[in-house]
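Below is one structure, written out as structure tokens; comments come after it.
For clarity, every value in this text was computed on a predicted model and none was experimentally measured. Each chain gets a letter, A, B and so on, in the order its sequence line appears, and its residues count up from 1.
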Protein chains: 2
Amino acid sequence: MSGERHASAEKEGTLHSRILGDLERHILSGDWPPGHRLPFEVDLATQYGCSRMTANKVLTQLARAGLIERRKKSGSFVSQPVGQAAVLEIHDIEAEVRALKLAYAFRLEKRARRVASAKDRLHLELAEGAPILDLTCLHLAGERPFCLEQRLINLATVPEAEAETFLDMAPGAWLISRVPWNTAEHRIQALAATAETATSLGIARNAACLVIERRTWGASGPVTFVRFTYPGDRHALVARFQPGGEGA
Amino acid sequence: MSGERHASAEKEGTLHSRILGDLERHILSGDWPPGHRLPFEVDLATQYGCSRMTANKVLTQLARAGLIERRKKSGSFVSQPVGQAAVLEIHDIEAEVRALKLAYAFRLEKRARRVASAKDRLHLELAEGAPILDLTCLHLAGERPFCLEQRLINLATVPEAEAETFLDMAPGAWLISRVPWNTAEHRIQALAATAETATSLGIARNAACLVIERRTWGASGPVTFVRFTYPGDRHALVARFQPGGEGA
DNA sequence: ACGGTTATAATGTATATACATGTTTTCACG
DNA sequence: CGTGAAAACATGTATATACATTATAACCGT
């Protein structure tokens with residue numbers, strides 16, 4: 001009620017996180033099913049002996065995380081568990097290999113500067129005849145091929161790339177550290193290995209491969225298109241998901 | 001500054017969202033590269049003619065979204081674009097089929113109640129001899145097989161499932177609407193079709209298939225394990241990502 | 001110089017208050 | 001008896017203030 005002024009560290013953590021934790025627990029445990037109305041801001045404030053502002057901030061955070069929906073006059077309600085979204089971490093390949101406790105290496109197999117063909121324009125939104133850099137490189141785990149990377153870099157957006165040899169640094173890492181981007185689109189498929197990729201990766205022709213394609217845009221237009229091809233029987237993507245789980 | 005008291009709707013949107021937008025623009029455009037220190041709370045407050053609390057809330061939100069890192073005494077800094085996380089939406093299969101403008105149907109091919117074997121316990125954390133429901137069903141788009149679903153349901157956690165026939169409602173949709181969950185783990189692989197799955201899906205043996213496995217936990221333990229097998233040449237997962245992009 | 005204490009700068013959390021905004025309920029008037 | 005204006009309600013946004021926390025900087029005596 002009267003509210004003993006600010007945090008006196010009575011038990012553990014801040015009031016904010018205590019309230020947040022309690023509400024999340026009620027929601028995630030199913031104790032409060034979707035559609036259930038949670039206490040009003042003023043009631044929460046009374047219950048925890050805090051101001052409405054504090055309760056408001058907690059509820060606002062839950063709403064941003066998608067766990068609840070808020071309606072004026074009506075109150076706040078537990079959301080339906082909407083489409084199952086998973087945070088898919090696509091690691092840096094070097095990190096991926098090292099996570100397997102294997103030595104990492106890569107080999108540049110192709111580096112060509114040319115103008116965009118019609119086929120390239122399917123992958124990246126490019127003007128006709130726009131200059132691009134076409135790279136292919138093979139990532140190795142220990143002695144064995146791990147992943148084949150085929151990449152197009154838009155030289156209109158990233159002119160610095162033309163001066164780079166990509167002999168010492170993989171193009172992915174180089175781009176990440178130099179070029180800002182703000183949107184990426186991924187496409188994940190299972191495809192049979194073509195004769196070419198089978199040779200590069202040292203697998204049987206038509207073997208199942210996991211193919212991940214990524215297109216990236218920056219403020220000044222399309223940046224890069226990349227296709228990673230992994231031997232399917234040796235690789236898996238893993239994604240973990242907790243609703244409302246912010247990146248701590 | 002004196003700060004003209006609350007929102008007088010001078011231009012557009014709230015002060016909060018204007019500041020947020022401005023900062024995001026600076027960061028995403030690369031204008032402020034990773035490591036760059038952004039203005040202190042008090043400076044932002046002065047600049048926008050608002051109180052420090054307002055600036056603080058904006059910065060706090062950016063920090064939660066992972067765009068910036070904050071250090072006491074030092075200030076707030078643009079984060080390194082860490083591991084590329086993409087929000088991967090795994091749609092409901094029915095929605096997926098309808099998005100292709102095809103008729104949706106499903107057929108239950110197997111429904112068995114049994115106790116967990118050692119192999120089942122690899123998929124789901126189960127006690128030895130725990131009762132489970134073992135389901136297989138085929139999802140159809142138009143007349144053609146679209147996806148094969150193989151599912152284990154933990155009857156210890158979801159006893160209601162035993163009374164359900166799953167003839168009218170697909171097990172995925174049934175579970176979503178009835179059983180609360182709080183953690184899911186996905187595994188995505190490319191695998192060659194086994195003889196069985198090839199027959200079910202009407203594809204060639206050894207054809208590349210996209211396999212998505214999901215394990216789900218609720219408050220009272222493991223809920224379900226499911227494996228979706230899609231003919232690889234006919235299906236792709238698509239994920240779009242914008243850093244700091246909250247679910248509106 | 002060195003190492004420890006003190007000051008200071010920046011963020012973190014919380015309060016009380018004020019007014020805006022959008023819904024729902026109520027109630028009075030025709 | 002309906003309908004439209006007014007009141008009540010719950011959230012949304014913003015302010016000013018206070019004190020806590022913590023990392024860095026400044027100081028200071030030995």
Nearest whole Å is fine: how far is [N] [atom2] from [X] [atom1]?
X	N	atom1	atom2	answer
B/Lys57	C/dT15	NZ	P	14 Å
B/Leu15	C/dA20	CG	P	15 Å
A/Glu69	D/dT11	CD	C1'	15 Å
A/Arg52	D/dA10	CZ	P	11 Å
A/Met53	C/dG12	CE	P	16 Å
A/His16	C/dG12	NE2	C1'	11 Å
B/Arg18	D/dA14	CZ	P	10 Å
A/Asn56	C/dT17	CG	P	17 Å

Query raised in the report: What residue pairs, at least two apart or across chains, pass salt bridge (charged side-chain N to carboxylate O under 4.0 Å, His left out) with a residue in residues 42-57 of chain A?
Result: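 Qualifying pairs: A/Glu41-A/Arg52.
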
When you compare the side chains of [X] and [Y], does any donor N or O come within less than 3.5 Å of an acceptor on the partner?
X	Y	value
A/Glu185	A/Trp217	no
A/Arg151	A/Thr224	yes
B/Glu94	B/His139	no
B/Glu96	B/Tyr230	yes

Report task. Starting from the first five and the last five pairs of the helix from C/dA1-D/dT30 to C/dG30-D/dC1, work out the angle between the resulting helix axes, to 10 degrees. Result ->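 Between the axes fitted at each end of the helix from C/dA1-D/dT30 to C/dG30-D/dC1 lies an angle of 10°.
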
Kindly write out the residues that satisfy side chain to side chain contact (heavy atoms under 4.5 Å, CB included) with [X], not counting sequence neighbours, or none if the list is empty.
X	answer
B/Ser177	B/Met169
B/Pro34	B/Gln80, B/Pro81
A/Glu164	A/Phe166, A/Trp174

Report task. Just compare C/dA18, D/dT15, D/dA14 and give me whichever is closest to any side-chain atom of B/Cys50. Result ->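 So the nucleotide nearest the side chain must be D/dT15.
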
Requested in this report: Look up atom CD1 in B/Ile27 and atom CG in B/Leu62, then write down how far apart they are to the nearest 0.5 Å.
Outcome: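 Reported value, rounded in 0.5 Å steps: 5.5 Å.
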
Please write out each protein N/O paired with an N/O of nucleotides 3-10 of chain C under 3.5 Å, distance rounded to 0.1 Å.
from	atom 1	to	atom 2	distance (Å)
C/dA9	O4'	B/Lys73	NZ	2.9

**Report entry** Phosphate OP1/OP2 of D/dG12 contacted by B/Thr14 side-chain N/O (<4.0 Å)
**Finding:**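 For D/dG12, OP1/OP2 do not have a side-chain N/O of B/Thr14 under 4.0 Å.
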
